[in-house]
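All remarks here apply to the structure that follows.
Throughout, protein chains are lettered first and strands after them, A, B, ... in sequence-line order, and every chain is numbered starting at 1. These values consider heavy atoms only, across backbone and side chains, with no hydrogens, waters or symmetry-generated copies.
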Amino acid sequence: MIDHLNDPQRAAVTIDSGHALVLAGAGSGKTRVLTTRIAWLIQNGLTSPFGILAVTFTNKASKEMQVRVASLLPIDTRNMWVGTFHGLCHRLLRAHFRDASLPQGFQILDTADQLSLVKRLLKANQIDDEKFTPRDVQRFINSAKEEGLRSHAVDASDPHQRRMVEIYALYEAQCQRDGVVDFAELLLRVLELLERHEPIRAHYQRRFRHILVDEFQDTNALQYRWLKLLSGGGANIFAVGDDDQSIYAFRGADVGNMADFERDYARGAVIRLEQNYRSQGHILDAANHLIAHNSHRLGKNLWTDQGEGELIRAVELPSDGAESQWLVDEIKALVGDGISRLDIAILYRSNAQSRVIEHALFSAGIPYRVYGGLRFFERQEIKHALAYLRLVMNRDDDTSFNRVVNFPARGIGARTIESLVDQARTYNTTFSQSVARVAGKGGSSLAQFSLLIETMAQETRMLTLSEAVEHIIEASGLLNHYRGEKEGAERIENLGELVNAATVFETEHDLSGLPSGEPAKTLIELMPDDSVEELGLNLPIAQTPLSAFLAYAALESGDNQAQAGQDAVQMMTVHAAKGLEFDAVFITGLEDGLFPHENSIIDPSGLEEERRLMYVAITRARKRLYMTMAQSRMLHGQTRYAVRSRFLDEVPENHLKWLTVRGVSNDVSTQSYARAFGAVGVNNSRSSQYGGTALSKGPSSGLQIGSQLFRVGQGVRHARFGEGTIIGLSGSGLDAQAQIHFADVGSKTLALGIAKLDIMT
DNA sequence: GACGTTGTCCTTTTT
DNA sequence: GGACAACGTC
């Protein structure tokens, strides 16, 4: 099992006791080490399968871990505690719902549900949603929870913050009334459950002897506390991660956890996996040199024995359209050379960039597949159907109530809803509980809706899960509604897919023939050991099939890849590419302001995260890597001009080959732009015409207004705003605008024809 | 209450 | 450019 590992890998797998931190570079066999370690621990009798807790961030990663462990050992991994933070917490909360102060039928809010709850909350409490935008409130609540803070524990310094905290408190109360938990709440609840209930805490602390954590660099403060608490009974934590691939700080991940963990736990037990089995020499060296520009690294240097390989190809194109066209031509050539389209990836910083590229690929007839975007369980018609099912489970789920109370339309308008909101607020009840009071005042369609839900609940209780789903799609009127809609056919198809998904779920969990509304023995969420007795729980806590299915829908929003499997070029954001690898990779849009993104350029830590993102992008490539940039690009409906990304300059020139593109200087958009508005591209001679190898300085462009030439990155002075830096240029002529970050007043967009700016030298 | 028109806002994403 | 929300009209 461990014979074919390299030395550091074997050292990590067989480390005997105590905590350990494994710094696993890109392509260094991270998952292999994790899974082999689990198998090794069990095989050598160091723990039983029940003594292991393995945590990941994504369902995909946890599934892969289960499959790979199962391939190493003849055990049923389904019973092991291998899962995502959220999935495992959900399991704990189902088992201990009473001690966690939750109703048995509690439901999980996804991000969209959460936002709609916040909106309703703001409206019901007449809070100015200009000063407190729903997005901001949502972010505030989530980041507080990710730090492990309840509303009463948040430090509010100014009045605005104090109001935020009040809203947070209202939100907490509303969730509790509704019997719903958001994603962060799953973790926070479990943390509190373990903190407050000694016997439960002791039980799990005793049980888990080895806790293994994947992608440790992505943990937030809450997850770190969670791990600390669970390991409090002497368990060993085996944390695997790569600080250079930490790209989720924006959602609360704290790389600092790695350094903290090393200091507090893994003293001395740090293992570096530095041999890369993925990329060839030039690619790997480029990545190493780039990331060396970051400070605050734990430090490591990847190497390969695969030889230098090819130089990285860099290309500068006049426009985003030209960039896409160039991609098309190059991909045609690659495919002509026999490279499979599945092994080609086009990466970009932000989703907005994909459209132009898609358009070009589509016109050229090149099959492609875009990752990201709407997932199955997030589709409107699916969410509607799920909302009915959730109401069957839990009448108090106001979010679901609100979603479908008048969908399909049944004559319940804004006035009725308003009085419902009124009543609910006055009496501190949920919508469902307030129906009688409002209905008494003439809202009979509302009473009918309530009756509909009750009837559905009764009718579906004894049906199997898939039958129940099918029945509800019909009885809710959803099916009829979409039949009458022009674009309804696809939605009806998707609703059919939902029934399908329920059938698959039944099979996978041995639920065929079982009633959807009765607890099913196959869904007992506790391990088959002494826990029931030890925890003083008299009954095995089983879920109903419906409840389990709804949790599955919320926690695994499902594949968004309808066309999976066919031979298509892979398109995705750099974030989405983490963990994947391809023979040929195109990193596109390498322009300052786009990659690195303008929102991150000003702040040094933001820039470092962008650099790590670039590092992730580079290390996706096995054999061939392209870096492309466009001098002009349509962004937010305006043409913007940018200079090439500083990251291109951070790649040593001996790893780069600048490609000459024929016809660049004749590009229509550049020419007409230059003619019409007198802006000049500076240094517009292409260095690569001299032979095509290793040239460091490409051209850059700017905006000429009068006698002044403005460029991104330039320092400027404004009479009122003071000194600042240009972080973006857009438009042209009279519409020319500059986004400027001022040291004192923050970012402003100024019209270059009007604002008086001095260029600082 | 359903539909058309204008106004605002734009990273990255998993659970 | 485009998604989505808010407003106005029938």
Side-chain angles (χ1 to χ4, degrees), chain A residues 55-62 83-90 108-116 119 123 129-130 133-136 139 142 145-146 181-188 214-215 218-220 222-223 246-253 320 347-356 359 371-375 377-378 380 406-417 445 551-558 560 572-579 589 593-601 606 609-610 612-614 616-617 633-640 728 730 739 749:
Chain A
V55 207
T56 63
F57 279 86
T58 66
N59 292 301
K60 199 176 152 203
S62 91
T84 63
F85 277 102
H86 296 85
L88 295 168
C89 284
H90 173 249
I108 301 167
L109 291 185
D110 69 15
T111 313
D113 296 333
Q114 185 187 34
L115 191 63
S116 96
K119 282 178 187 164
K123 200 165 276 173
D129 61 2
E130 305 249 303
T133 68
R135 294 303 296 263
D136 281 350
R139 206 168 327 153
N142 286 338
K145 287 192 180 187
E146 277 155 12
V181 293
D182 58 46
F183 288 131
E185 183 74 25
L186 288 166
L187 303 206
L188 189 49
D214 190 20
E215 305 276 17
D218 289 339
T219 50
N220 60 34
L222 182 56
Q223 287 153 343
S246 159
I247 54 174
Y248 286 111
F250 70 90
R251 68 176 196 218
D320 47 356
L347 307 184
Y348 33 83
R349 175 65 181 82
S350 62
N351 282 309
Q353 288 165 254
S354 75
R355 195 177 302 117
V356 193
H359 179 74
Y371 284 73
L374 206 57
R375 286 197 293 266
F377 289 114
E378 288 167 357
Q380 184 207 101
N406 194 36
F407 193 96
R410 45 176 74 87
I412 299 172
R415 287 188 321 277
T416 317
I417 300 295
S445 34
Y552 160 79
L555 288 174
E556 304 193 29
S557 31
N560 42 7
M572 65 194 84
T573 63
V574 181
H575 282 92
K578 194 170 120 186
L594 191 63
F595 196 1
H597 198 275
E598 61 190 21
N599 295 0
S600 308
I601 267 178
E609 176 142 325
E610 296 283 319
R612 290 192 293 270
L613 201 50
M614 182 67 182
V616 168
R633 182 178 296 279
M634 267 301 244
L635 214 61
H636 309 324
Q638 284 183 309
T639 308
R640 314 220 325 184
S730 61
Q739 282 172 290
T749 301

How many whole angstroms separate atom [atom1] of [X] from atom [atom2] of [N]?
| X | N | atom1 | atom2 | value |
| --- | --- | --- | --- | --- |
| A:His90 | B:dT14 | NE2 | P | 20 Å |
| A:Gln223 | B:dT13 | CD | C1' | 13 Å |
| A:Ile417 | B:dG1 | CD1 | C1' | 13 Å |
| A:Phe407 | B:dG1 | CZ | P | 15 Å |

Suppose we screen for side chain to side chain donor-acceptor pair (under 3.5 Å). Which residues come up paired with A:His90, at least two apart in sequence or across chains? A:Arg94
Can you name the side chain to side chain donor-acceptor pair (under 3.5 Å) partners of A:Arg410, sequence neighbours left out? A:Tyr388
Name the nucleic acid region contacted by A:Ala414, choosing base, sugar-phosphate or nothing; use a 4.0 angstrom heavy-atom cut-off, strictly under. sugar-phosphate
With a 4.0 Å cut-off on heavy atoms, is A:Ile412 in touch with a base, just the backbone sugar-phosphate, or nothing at all? sugar-phosphate
Check this one for me: any side-chain N or O of A:Asn59 less than 4.0 Å away from OP1 or OP2 of B:dT14?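 So the side chain of A:Asn59 is outside the cut-off, no N or O lying under 4.0 Å from OP1 or OP2 of B:dT14.
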Do the side-chain N or O atoms of A:Arg375 get closer than 4.0 angstrom to the phosphate oxygens (OP1, OP2) of B:dT14? yes
[X] (side chain) donor-acceptor with [Y] (main chain) under 3.5 angstrom:
| X | Y | value |
| --- | --- | --- |
| A:Asn406 | A:Ile412 | yes |
| A:Glu215 | A:Thr56 | no |
| A:Gln223 | A:Asn220 | yes |

Once side-chain contact (heavy atoms from CB on, under 4.5 Å) is applied, do any residues pair with A:Gln353, and if so which ones, sequence neighbours excluded?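 Applying side-chain contact (heavy atoms from CB on, under 4.5 Å) to A:Gln353 gives A:Tyr348, A:Arg349, A:Ser350, A:Thr588, A:Leu594, A:Arg633.
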Any salt bridge linking A:Arg375 with A:Asp110? Criterion: basic side-chain nitrogen under 4.0 Å from a carboxylate oxygen.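 Looking at A:Arg375 and A:Asp110, the cut-off is not met.
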Please give me the minimum heavy-atom distance between [X] and [Y], naming the atom from each residue.
| X | Y | result |
| --- | --- | --- |
| A:Asn59 | A:Leu555 | ND2-O, 3.1 Å |
| A:Leu222 | A:Ala184 | CD2-O, 3.8 Å |
| A:Phe85 | A:Thr219 | CZ-CG2, 4.1 Å |

Name the pairs: protein N/O against N/O of nucleotides 9-12 of chain B, kept only if under 3.5 Å.
from, atom 1, to, atom 2, distance (Å)
B:dT11, O4', A:His597, NE2, 3.3
B:dT12, OP1, A:Asn351, N, 2.9
B:dT12, O4', A:Arg349, NH1, 3.0
B:dT12, O2, A:Arg349, NH2, 2.9

Mind telling me if B:dT12 is syn or anti? Syn here is a glycosidic angle within 90° of 0. anti
What is the first contacted nucleotide of DNA chain C and what is the last, in 5' to 3' order, if contact means an atom lying under 4.0 angstrom from a heavy atom of chain A?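 Using the under 4.0 Å cut-off, the span is C:dG1 to C:dA5.
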Output a table of nitrogen or oxygen pairs between the protein and nucleotides 2-6 of chain B separated by less than 3.5 Å.
none

Check the pair A:Phe250 / A:His575 against ring pair (Phe, Tyr, Trp, His ring centres under 6.0 Å), numbers first and verdict last. CA-CA 12 Å; A:Phe250 70 90; A:His575 282 92; 5.6 Å; yes
